[in-house]
Amino acid sequence: MRNRKITPYALVLPAWAWLALFFVVPIGGMLSLSLTTGNVITGFEQSFAVGNYVDAVSTYWEQILRSLFYGACATVLCIAIGYPVAYWIAFKGGPYKSTYLLLILLPFFVSFVLRTISWRFLLSDNGVVLGPLKSVGLVPEGFALLNSAPAVILGLAYNFLPFMILPIYAVLERMDPRMVEAAHDLYAGRFQAFVRVILPVSLPGVFAGVLMTFIPTSSDYVNASVLGGTHNTMIGNVIQTQYLINNNYPIASSITFVLMGLLLIGIFSYARALGTERVMEVHA
Amino acid sequence: MATSTTSPTPEAPPATEPAANRPAITLNGVVKAFRSGSETVRAVDGVDLAIEAGEFFSLLGPSGCGKTTTMRMIAGFEEPTEGTVLLEGKDVTGVAANHRDVNMVFQSYALFPHMSVADNVAFGLRRRRVPKDQIRTRVAEMLDLVELGHRAKHRPTQLSGGQQQRVALARALVNQPSALLLDEPLGALDLKLRQSMQVELKRIQREVGITFVYVTHDQGEALTMSDRIAVMNEGRVEQLGTPAEIYERPATRFVADFIGTSNLVRGVVKGRAGDHWKVEVADGATALVAELPDTVTTGAHIHLTVRPEKMRIGTDAPGTDVSRVPGTVTETVYMGSSTHYQVDIGGGEEVTVYQQNASGSTLVAQRGESVWLSWRPEHSYALSS
Ligand SMILES: Nc1ncnc2c1ncn2[C@@H]1O[C@H](COP(=O)(O)OP(=O)(O)OP(=O)(O)O)[C@@H](O)[C@H]1O
Ligand SMILES: [Mg+2]
C-alpha cells in the first residue's frame with residue numbers, strides 16, 4: 001500500500017527536480033539580484049532596493065510600451081494571416097495536409113537570426129519588394145522600410161507565424177465536419193456557419209496561438225536590432241544591453257520582472273475577456 | 001427557397017398536384033458515384049422512392065449499401081450524379097442544404113459544444129429570424145417534449161448520450177420541417193437505452209406528425225418502428241413495403257437472408273394440384289405453394305423460403321393439404337419461450353424450426369430422431385433471385 005502511494009511521486013521527481021533546478025532557482029536568484037545595489041567591480045550587495053524597479057520603469061517605460069505595441073501588432077498580423085492559412089489547410093488540404101504543414105515549418109530549419117537578416121535584403125531600399133514598386137512609380141524614390149517600426153513588426157510576424165498557425169490548425173482539424181453540416185442544415189449560410197460555429201469552437205486554438213506569439217514577440221530583441229535601426233529598440237534590447245554590455249544586473253533583472261508581470265496581467269485579463277470557461281475547455 | 005419554374009406568367013396555376021396527394025420526398029432515378037483514385041464507386045445506383053407525408057419511413061440495409069449517401073442527397077449535403085430529388089413536389093436538386101425544408105439528426109449528434117442546450121435548439125429559429133418571444137416559447141415546448149426542460153442551461157458535454165440524442169432531435173424538430181432525416185440516431189446508445197428511445201421516437205413522431213426518414217442497419221428496429229421500409233443492397237432498393245410484407249414475403253434472396261432467419265429450400269416445380277402448385281423438395285418430398293411468379297412454369301428450378309416459426313415439427317405424419325417433408329433432428333436449442341430445432345431434410349439441406357414451448361418444456365423430438373416438418377401453402381414463397 002505505502003509503496004503504491006509513493007510510486008507516482010517518485011516518477012515525477014525527476015521532472016520536479018528539473019523544474020526546481022532550471023526554473024525556480026534562476027528565478028529566485030534573479031529576484032534577489034533585482035533587489036541589490038553595486039557594480040561588477042565592487043560586487044553587489046543585497047539591499048532590497050525597490051528603487052531599481054522605479055528606475056527601470058521611469059527610464060524605460062517608452063521601450064516597454066513599444067514592445068507591448070509591437071508584440072500586439074505582430075500578433076494581430078499573425079491571426080490575420082495565420083487563421084485563413086490554418087483554415088485552408090484543415091478544410092481544403094485534402095491528402096496533402098502534412099505536406100503543407102511541413103512547408104510552413106520549413107523555414108525553421110534555418111537559424112532564426114539568419115532568417116531575420118535575410119529580411120534586410122527583402123526590405124532594403126532597392127530590394128525585391130521596394131525595387132519593382134519604385135521602378136513602376138507606385139512608391140516614391142525616397143521611401144524606405146528598413147529601420148522602421150513596420151519592418152520590425154513584419155519581421156516579428158514572419159518569425160512567429162507558425163506558432164499561430166499550428167494551434168489553430170490543430171483545433172480546426174479535429175472539428176467534426178458534421179457539426180458544420182448541422183449548421184448548414186439549420187439554415188446557416190457559409191458566413192453564419194463560420195461566425196456562429198467554426199470561429200467560436202476554434203477560439204481555444206486562437207488563444208493558444210496568441211500566447212505563443214505575443215509572449216515571444218513582445219520580449220524579442222533580434223528583430224528590433226536587425227530590422228529596426230536605432231529608433232525602434234524594444235525592451236528586449238534594453239535588457240540585453242544592460243546585462244551583457246553595461247553589466248548592470250540589478251536594473252536588467254528588475255526590467256525582466258516588470259515585463260513578466262505586465263505579460264501575466266495581460267494574459268489573464270485577455271483570458272477573462274474571452275471567458276475562461278471557453279478558453280480552458282477542450283472541445284472533443 | 002429556390003423555385004425551379006421559370007414561367008413568365010406568375011399567375012399561371014401550379015402544374016403540381018394538390019399538397020395532400022404529393023409525396024413529402026420523391027427520388028427519381030437517383031445515382032451517386034464517388035470517384036476514389038481511378039475507380040468510381042456507385043454508392044447509390046438508381047433509386048426511386050416516394051415517401052408519403054407523415055410516414056415513418058426506414059432505409060434498411062447492411063453497412064456500405066448507400067443509406068447515408070441517399071439521405072445526404074435528400075438533405076442537400078451531396079448532389080446526385082444523375083436523377084432528381086423533389087421535396088413536396090418541388091425539384092430541389094442543386095439547392096443548398098440551408099435552403100431545404102428538411103432537417104437532419106446526425107449519428108454523432110453534431111451538437112454545438114460552445115452553446116447551451118437551449119441555444120442549440122434555438123439555432124435554426126434564429127437563422128430564420130423568428131421573433132424572440134416565439135423562439136423562447138417554441139424552444140421551451142420542444143425541450144418539454146423531449147423531457148429536457150430542466151437541462152436547458154447545460155452544455156451538451158454535461159449530458160448523457162441519450163440526453164444529447166434528444167437535444168439533437170429537439171434541435172431539428174423545433175423548425176417544424178416537412179421531413180426529419182435520422183441517420184442511425186440510436187447507433188451510439190446501449191441496448192436498454194436504444195429500446196426506450198425507439199418507443200420515445202415513435203411517440204414523438206405520432207405527436208408532431210412530421211415525416212420521418214430513418215436510416216438503420218438494425219432490422220428489428222426497422223420492423224418495429226416503421227410504416228414502410230425500403231431494404232437497400234449495393235446502392236439499390238431490393239424491396240419496398242410494410243414491415244409485415246417485407247418479413248412475411250421477402251421478394252429476393254438478399255431480403256430473405258437479411259431480415260430475420262429464413263430457410264431456403266431448393267425445389268423443382270411439378271405442376272398444379274387444386275389451388276396450389278406442387279414443388280418437389282429435398283429427396284422427393286412435396287411442398288405446396290400458394291403462388292408462383294408468372295414466369296415460373298412446370299419443370300423450373302426455384303428457391304422456396306419459409307420462416308422458421310411458420311414450420312411445424314412433429315413425429316406424426318401431417319395431412320396432405322400442407323407441405324410435408326421428413327427429416328432428422330441434428331440439434332435442439334432450448335431458448336426459454338421456444339425451442340429451436342435444426343433438421344436435416346436430405347439432399348444436403350438443413351432447416352431451422354422454432355417451436356413455442358406452450359405446453360411445458362418437453363421436447364417434441366430428441367437429437368437423431370426422425371420427424372415430419374409441415375407448413376401451410378401460403379407460408380412459403382418462391383424467390384425471384
Ligand atoms: N465521400 C465519399 N467518397 C468516396 N466514397 C464514398 C463517400 N461516401 C460514401 N462512399 C462510399 O459509398 C458507399 C456507401 O456509403 P454509405 O455511407 O452511404 O453507406 P451506409 O449504407 O450508410 O453504410 P453504414 O451502415 O456503414 O453507415 C460505401 O462504399 C462508401 O465507401
Ligand atoms: Mg451510414
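Below, chains carry the letters A, B, ... as their sequence lines are ordered, and counting in each starts from 1.
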- Query: Taking atom CG of A:Leu203 and atom CD1 of A:Ile198, what is their separation to the nearest 0.5 Å?
  - Reply: 12.5 Å

- Task: Return yes if a side-chain donor-acceptor contact under 3.5 Å exists between B:Thr84 and B:Asp91, otherwise no.
- Result: no

- B:Asn175 side chain to B:Pro177 backbone, donor-acceptor under 3.5 Å: no

- Query: If contact means a heavy atom pair closer than 4.5 Å, which residues of residues 179-187 of chain A contact chain B?
  - Reply: A:Met179, A:Glu181, A:Ala182, A:Ala183, A:His184, A:Asp185, A:Leu186, A:Tyr187

- Task: Name all residues meeting the salt bridge (Lys or Arg N to Asp or Glu O under 4.0 Å) criterion together with A:Glu173; count only those two or more places apart in sequence or in a different chain, and write none if there are none.
- Result: A:Lys97

- Run the salt-bridge test on B:Lys67 and B:Asp218 with the 4.0 Å N-O cut-off and return the result as yes or no. no

- Flag this pair as yes if the NZ/CZ of B:Arg100 is under 6.0 angstrom from the six-membered ring centre of B:Phe77 and inside a 45 degree cone about the axis; otherwise no. no

- Message: If we define contacts as heavy-atom pairs under 4.5 Å, which of B:Arg72, B:Met115, B:Arg126, B:Arg127 has the most with chain A?
- Response: B:Arg127

- Message: So for B:Leu181, is it side chain, backbone, both, or neither that comes closer than 4.5 Å to the heavy atoms of chain A?
- Response: neither

- Task: May I ask you to check whether A:Phe207 and A:Tyr270 place their ring centres under 6.0 Å from each other?
- Result: yes

